[in-house]
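Note on naming: letters A, B, ... go to the chains in the order of the sequence lines (proteins, then strands), and numbering restarts at 1 for each one.
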2 protein chains.
Amino acid sequence: MTETTQHPTPAEPGADAPCTGASGPGAPAARDGVRAPGRPRSERAEKAIIDAVIDLLAEESGVAGVSIEAVAARAGVGKTTIYRRWPNKEALIVHALATMKGPLPQPSGASVREDLLTLARGLRSERARKRIQCFWNVVGAAEKHPELYDRYRQDVIEPRREVFRDVLRRGVRTGEVRPDVDVEAAVAMLIGSLTGRFPTERQPDDFPDAVVDTLLRGIAAGAS
Amino acid sequence: MTETTQHPTPAEPGADAPCTGASGPGAPAARDGVRAPGRPRSERAEKAIIDAVIDLLAEESGVAGVSIEAVAARAGVGKTTIYRRWPNKEALIVHALATMKGPLPQPSGASVREDLLTLARGLRSERARKRIQCFWNVVGAAEKHPELYDRYRQDVIEPRREVFRDVLRRGVRTGEVRPDVDVEAAVAMLIGSLTGRFPTERQPDDFPDAVVDTLLRGIAAGAS
DNA sequence: TCCTTCCGAAACGCAGTCGTATCGAAGCCG
DNA sequence: CGGCTTCGATACGACTGCGTTTCGGAAGGA
């Protein structure tokens, strides 16, 4: 032990920007095809850790409710196994959130109404609900953990909003949507109405349909 | 000191349900016209405490970010002064939230569009922003503090939604709004779009106008 | 004036969390 | 088998927050 005990990163002799960049766990010393000596890191443990973080973030009361010890207990893992991969709590949460990117929804393109219905109903899926719940809690901590908020917004939320925008812009080209539509307002109305009151309040099953049709037709009398 | 040191509530001989009901601070022993002996409680301190709670709840990261010690420091008050009035942190926050009820907005009734614009623009006021910010954080902690969430929702949020509903229902009667409108969907679209993306993201100044007009006219081509 | 209550400040015991360190056991490779 | 690393468990010191208690002093009523 000459001077290597500063960071959990094991060997990795040169040019390793410390893993505080938080886009991934500390590499287990295998960069190229070079096999690292010793016991390899358990991929199973890593997945369990990330799942535990996401579950806790969605269920517990915000970022402050996610403690390393709770994560370790829930994942059935020692704290050592966590700190060997991430330098601190914030990096762990950032990485866990990044894994929620997942595949974007792909609307069929049959019609604007069909596409919006698909997207709106998709916001009720198990995975989407968890994503929205995490968003609530991350937003709540936005002032204290701005990096967390920015990254989650950019990586997870914004791409999904962009899918909504694309549907509307395509509708303008096909003539289904009036050309002077305010895309930002319309997207905010769709997403905001479907994600705004989640936690305990139940919405009727056809709420997405009602929102989409209200948006399309408007509420003023005299419109078709 | 015979047996009275169990509760901060000072004298108050009989039939005092302890103040844990959390709808108000422990009364300083003056119930009817009976003046309590000794120095009366400082009203100034009480206001400072409640303001501090609301500010912290809006700015800090959620309910967990509001600590009694932070409240005391921010209000320039000793912790004793807090615990003499409320039995614990949750009761304090519940009471502080209840004070945000304030007066409801009173739309003019000139037209549905005017009323909705007034209400929508009102959501950008200083006070409304703080209310919304608190709502974010209270919702985030809904699973851990359900009483907090329920009470805030009932006392503060729901009455304001009801004002929106009233405007729409009146519009149906006057013929300004189509009779088959889904009031819940329309209200959710208005409020959700205007409160959904607050914290750091800025909206253009005419965003409430865009939302109201989009809601009224719809986005489908062919409508007026 | 005397008496009661409230005031702010400080310290306490207790519990929870962070990040580190240490332990014996186990997995993988040569 | 022997060297390497990771594994889960446990304990540690430092810190923070809660809710209580004690303290000297101030404010108001009788």
Side-chain angles (χ1 to χ4, degrees), chain A residues 1 4-12 20 25-30 34-46 48-49 52 56 60-61 63-93 144, chain B residues 1 4-12 18-20 25-30 33-46 48-49 52 56 60-93 144:
Chain A
M1 53 175 77
T4 54
T5 42
Q6 187 193 12
H7 233 272
T9 315
E12 188 111 25
T20 39
V34 185
R35 202 88 195 118
R39 177 178 176 175
R41 291 192 181 164
S42 160
E43 216 164 311
R44 216 183 131 288
E46 194 159 315
I49 293 169
L56 285 173
E60 214 67 15
S61 56
V63 176
V66 178
S67 72
I68 295 283
E69 328 224 339
V71 171
R74 183 151 183 154
V77 147
K79 286 203 296 177
T80 324
T81 308
I82 298 179
Y83 279 111
R84 194 175 292 116
R85 292 168 162 78
W86 298 276
N88 52 49
K89 190 170 84 165
E90 186 154 18
L92 167 61
I93 296 182
K144 200 165 228 168
Chain B
M1 53 174 76
T4 54
T5 42
Q6 188 193 11
H7 230 272
T9 315
E12 188 112 23
C19 51
T20 39
V34 185
R35 202 88 197 116
R39 176 179 177 176
R41 291 192 181 164
S42 160
E43 216 163 311
R44 215 184 131 288
E46 193 160 316
I49 293 169
L56 285 173
E60 215 66 15
S61 55
V63 177
V66 178
S67 72
I68 296 283
E69 327 225 340
V71 171
R74 184 153 182 152
V77 148
K79 286 203 295 176
T80 325
T81 308
I82 297 179
Y83 280 111
R84 194 175 292 116
R85 291 168 164 77
W86 297 276
N88 53 49
K89 188 170 85 167
E90 185 153 21
L92 167 60
I93 297 182
K144 199 165 228 169

* Asked: How close do B:Ala45 and B:Thr81 get, heavy atom to heavy atom, and via which atoms?
  -> CB-CG2, 4.3 Å
* So, for B:Asn88 and B:Tyr83, which heavy atoms are closest and what is the spacing to 0.1 Å? -> CA-CE2, 4.4 Å
Phosphate oxygens OP1/OP2 of [N]: is one of them under 4.0 Å from a side-chain N or O of [X]?
X	N	answer
B:Arg41	C:dC7	no
A:Arg85	D:dC7	yes
B:Ser42	C:dC6	no

* Asked: Between the main-chain N or O of B:Val66 and the side-chain N or O of B:Lys89, is there a donor-acceptor pair closer than 3.5 Å?
  -> yes
Specify the separation, in whole Å, of atom [atom1] of [X] and atom [atom2] of [N].
X	N	atom1	atom2	answer
A:Glu46	D:dT5	CD	P	18 Å
A:Arg84	D:dT5	CZ	P	11 Å
A:Tyr83	C:dG19	OH	C1'	5 Å
B:Asn88	D:dT20	CG	P	9 Å
A:Trp86	C:dC18	CH2	P	15 Å
A:Lys79	C:dT17	NZ	P	10 Å
A:Ile82	D:dT6	CD1	P	16 Å

Could a donor-acceptor pair under 3.5 angstrom be found where the side chain of [X] meets the base of [N]?
X	N	answer
A:Thr80	D:dA9	yes
B:Lys89	D:dG19	no
A:Arg39	D:dT6	yes

* To do: List the steps and the verdict of salt bridge (Lys or Arg N to Asp or Glu O under 4.0 Å) for A:Lys79 and A:Glu69.
  => CA-CA 7 Å; A:Lys79 286 203 296 177; A:Glu69 328 224 339; 3.1 Å; yes
* Which of the following nucleotides, C:dT4, D:dG19, D:dC7, is nearest to the side chain of B:Pro37? -> C:dT4
* Asked: Of all the choices, D:dG8, D:dC18, D:dT6, which nucleotide is nearest to the side chain of A:Val77 once you look at every atom?
  -> D:dG8
* Structure fact -> Of A:Glu43 and A:Gly38, the one whose closest nucleotide on DNA chain D sits nearer the 5' end is A:Gly38
* Is B:Glu46 salt-bridged to B:Arg85, going by a charged N under 4.0 Å from an acidic O? -> yes
* From A:Ile93 atom CD1 to A:Trp86 atom CH2, the distance as rounded to the nearest 0.5 Å -> 11.5 Å
* Structure fact -> Those residues at least two apart in sequence (or on a different chain) that pass salt bridge (charged side-chain N to carboxylate O under 4.0 Å, His left out) with B:Arg74 are B:Asp55, B:Glu59
* Of the residues in residues 67-75 of chain A, which ones touch DNA chain D at a heavy-atom distance under 4.0 Å? -> none
